[in-house]
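Here's the structure, in structure tokens; my notes come after.
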Amino acid sequence: MGIFGVLSLGKQGIFASQFGLNTTSNNITNANTPGYARERASFVPSYPQYTAFGPLGNGVDVATVQRLRDRALDFQYWNQHSFLGNAESKEKYLDQIQYIFNDLNGNGFSNALDDFWNSWMDLSNHPADMASRSLVIEKSKALVSKFHEKASRLQSLSASMVNDIQLTVNRINTLSKQIADINNKIVQTAGAKFDNITLMDKRDQLIDELSSLINVSATDGKNGVTNVNVGSVSLVDGVTANLLELDQSKAQAALKFKNGSDIEDVGGKIGGLLEINNHVISKLKTQLNDFAKNFVSSVNTLHKKYYGLDGYNGRNFFDPAGISADTIALNKELIKDPKQIAVSSDGSIGDNSGALALAHLKDQAVMNSGESTFSEFYGQLISEVGEMADQNALSISENRAIVQSLDNQRQSVMGVSIEEEMVNMIKYQHSLQAASKVISTTDEMIQSILNMVR
């Protein structure tokens, strides 16, 4: 290697130092950029030059730029993020369900039910009093209104959830297509000396969001692509996105692939929404309808045994066709003529045995196959909703802590430390100055040689 070879070494040193400075500067400017993984320039000695005296160093090459990221932590984070997304999606709707069944303000369903029983007790004290009979009608109307209100609000909540589920499906499909598109762009640059790490960061950021929406597993494939699965079926297979759709053709909404493949474990936000809609709200509707059906049957059975002030019996108090929470209704004839309310066992005007029997129905176990009274049944319903909300809140707390811990571990690897980058900057600055000194010293040597031969 001649003196001009030393110039070449100096030039390579300057180039490598500049490359290192550029990489460090890029880290510093992206220190607060979401999803950015810090980068490191990797240097290797150039292939040596062989001489009669042995190999001579031939400078430095930039081997690659490394993206500092721990894939094992990424995979753990995505898996745990799905659990958190699932619990957080349930929280919103469980809170609304609790509000629907909230009786703490003093005018809820339980109060309307108590007022209904109390109106019959009041009527037993004044069986022929029209004001007392009108009170029974008014309190019954109020209770019917509460049934309708609960059923309507549950139905509205279910419709809102279906809309939320559809929006989430759309977002999952959008993210899947974006990930597949990025994979395609990365494949197009495969084989280049430097990977397209900016696109890789963007792709992993998209998977971060996707993992909160649905339970996914990811694997790194050839040419820098990342494949994403839901269960055993590919959501993103290399450069192809397999889209999802919401199936509402059956009684319960279901998520499936457009190609017809079923999904084994939905998870994530959309799994939580489907669970609340298909199981929690559906169960509450069934419980309310069972309540209404048994309530109508029990009251009508008793009422038909007794006589009204007009001397007739066999009348239904509630419309027998209304046996669900949204269809329960009073007998219209009784509303028009409260005299038809039946409280006498023998037709005598002063007899109150029917009113007492109906008032005491409050204490009879007619729900849950004879294990619960109406009030106990409704109390258990409220308790179940509260227990679900409490358990879900605990799940959120636990999963949030785990996700935060995993993200902290990820950031310890991929996050930018300004202090560390400043140290690297000074290191590369000194290297550049030294390489420049090599060139200037070599230049002086060349000038001296030229002067000698003049």
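Both backbone and side-chain heavy atoms feed into the values below; hydrogens, waters and symmetry mates do not.
- With a 4.5 Å cut-off on side-chain heavy atoms, Asn368 and Glu376 do not count as touching.
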Cut-off 3.5 Å, no hydrogens considered: what does the side-chain donor-acceptor table look like for residues 235-243, sequence neighbours left out?
from   : atom 1 : to     : atom 2 : distance (Å)
Asn242 : ND2    : Ser234 : O      : 2.7

*Tell me, with the steps shown, if Ser297 and Phe318 meet side-chain contact (heavy atoms from CB on, under 4.5 Å).*
CA-CA 8 Å; Ser297 176; Phe318 290 103; over 6 Å; no
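- If you check the side chains of Ser217 and Asn229, you find no donor sitting under 3.5 Å from an acceptor.
- Heavy-atom neighbours of Lys146 NZ from other residues, nucleotides or ligands within 6.0 Å: above the threshold of 12.
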*Starting from the C-alpha separation in whole Å, work towards a yes-or-no answer on side-chain hydrogen bond (donor to acceptor under 3.5 Å, both in side chains) for Gln404 and Asn408.*
CA-CA 6 Å; Gln404 186 61 56; Asn408 289 341; 2.9 Å; yes
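- Using modelled atom types and a 3.5 Å distance limit, the side chains of Lys90 and Asn86 yield a donor-acceptor pair.
- No side-chain donor-acceptor contact under 3.5 Å links Asp70 and Gln409.
- For Asn32, the CG atom sits in a loose shell: 12 or fewer heavy atoms of surrounding residues, nucleotides or ligands are nearer than 6.0 Å.
- For the pair Lys269 and Asp164, the salt-bridge criterion is met [side-chain N within less than 4.0 Å of a carboxylate O].
- Separation of the Tyr428 and Phe19 ring centroids does not fall under the 6.0 Å cut-off.
- Residues Leu113 and Phe291 have side chains in contact (heavy-atom distance under 4.5 Å, counting atoms from C-beta outward).
- Under the 4.5 Å side-chain criterion, counting only non-hydrogen atoms from C-beta, Lys332 is not in contact with Asp319.
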*Could you check Phe101 against Leu284 for side-chain contact (heavy atoms from CB on, under 4.5 Å), going step by step and ending with a plain yes or no?*
CA-CA 10 Å; Phe101 291 95; Leu284 289 171; 3.9 Å; yes
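- The two residues Glu39 and Val65 come nearest to each other via the heavy atoms CB-CG1, 3.7 Å.
- His279 places no side-chain N or O within 3.5 Å of a backbone atom of Glu275 that could act as its donor or acceptor partner.
- The neighbour count for Leu68 CG, taken as heavy atoms of other residues, nucleotides or ligands under 6.0 Å away, is above 12.
- Within the structure, the salt bridge (Lys or Arg N to Asp or Glu O under 4.0 Å) test picks out the following pairs touching residues 71-87 (sequence neighbours left out): Arg69-Asp74, Arg71-Asp74, Arg71-Asp204, Arg71-Asp220, Asp74-Arg410.
- A salt bridge links Arg40 with Glu421: the distance from a Lys NZ or Arg NE/NH1/NH2 to an Asp or Glu carboxylate oxygen falls below 4.0 Å.
- Ring-centre distance between Tyr306 and Trp120: not below the 6.0 Å cut-off.
- Side-chain polar atoms of Asn424 and Thr24 form no donor-acceptor pair below 3.5 angstrom.
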*Take Met130 and Leu309 through the test side-chain contact (heavy atoms from CB on, under 4.5 Å) and record every step on the way to the result.*
CA-CA 10 Å; Met130 294 305 296; Leu309 291 177; 4.3 Å; yes
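- With 3.5 Å as the limit, one finds no donor-acceptor pair spanning the side chains of Asn196 and Thr198.
- Proximity of the aromatic rings of Phe295 and Phe116 is defined here by a centroid distance below 6.0 angstrom, and this criterion is met.
- Looking only at atom types and distance, the side chain of Asn331 has no donor-acceptor partner in the side chain of Arg315 under 3.5 Å away.
- You'll find the side chain of Asp265 reaches within 4.5 Å of the side chain of Asn215, heavy atoms only.
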*Intermediate values then yes/no, side-chain hydrogen bond (donor to acceptor under 3.5 Å, both in side chains), Gln178 and Lys202*: CA-CA 10 Å; Gln178 290 176 341; Lys202 177 61 177 176; 5.9 Å; no
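- When side chains are defined from C-beta on, Ile263 does not count as touching Val233, because their heavy atoms never get closer than 4.5 Å.
- Counting only N and O atoms by type, the side chains of Glu387 and Gln391 include a donor and acceptor under 3.5 Å apart.
- Tyr312 has its ring centre no less than 6.0 Å from the ring centre of Tyr307.
- Within the structure, salt bridge (Lys or Arg N to Asp or Glu O under 4.0 Å) pairs that include any residue of residues 388-403 comprise Glu88-Arg400 (at least two apart or interchain).
- Residues Leu334 and His303 are in side-chain contact: their nearest non-hydrogen atoms beyond the backbone lie under 4.5 Å apart.
- Residues Thr226 and Ile207 meet the side-chain proximity criterion, which asks for heavy atoms closer than 4.5 Å.
- The residues Asp181 and Lys177 are annotated as not salt-bridged, no charged nitrogen and carboxylate oxygen being separated by less than 4.0 angstrom.
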*Verdict with reasoning, Leu273 to Ile276, per side-chain contact (heavy atoms from CB on, under 4.5 Å)*: CA-CA 5 Å; Leu273 294 177; Ile276 294 294; over 6 Å; no
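- No donor-acceptor pair closer than 3.5 Å links the side chain of Asn399 to the backbone N or O of Ala87.
- Looking at Gln205 and Asp201, their side chains never bring a donor and an acceptor atom within 3.5 Å of each other.
- Side-chain N/O atoms of Ser324 and Thr327 include a donor and acceptor closer than 3.5 Å.
- Here the closest non-hydrogen pair linking Ala63 and Val44 is CB-CG1, 3.8 Å.
- The main-chain N or O of Asn79 is never found under 3.5 Å from a side-chain atom of Ser82 such that the two would form a donor-acceptor pair.
- A donor-acceptor pair shorter than 3.5 Å cannot be found between the side chains of Asp115 and Asn111.
- Side-chain contact between Ser119 and Leu123 is absent, with no heavy atoms from C-beta onward closer than 4.5 Å.
- For the pair Lys150 and Phe109, the cation-pi criterion (under 6.0 Å, within 45° of the ring axis) is not fulfilled.
- Within a 6.0 Å radius of NZ in Lys293, other residues, nucleotides and ligands contribute 12 heavy atoms or fewer.
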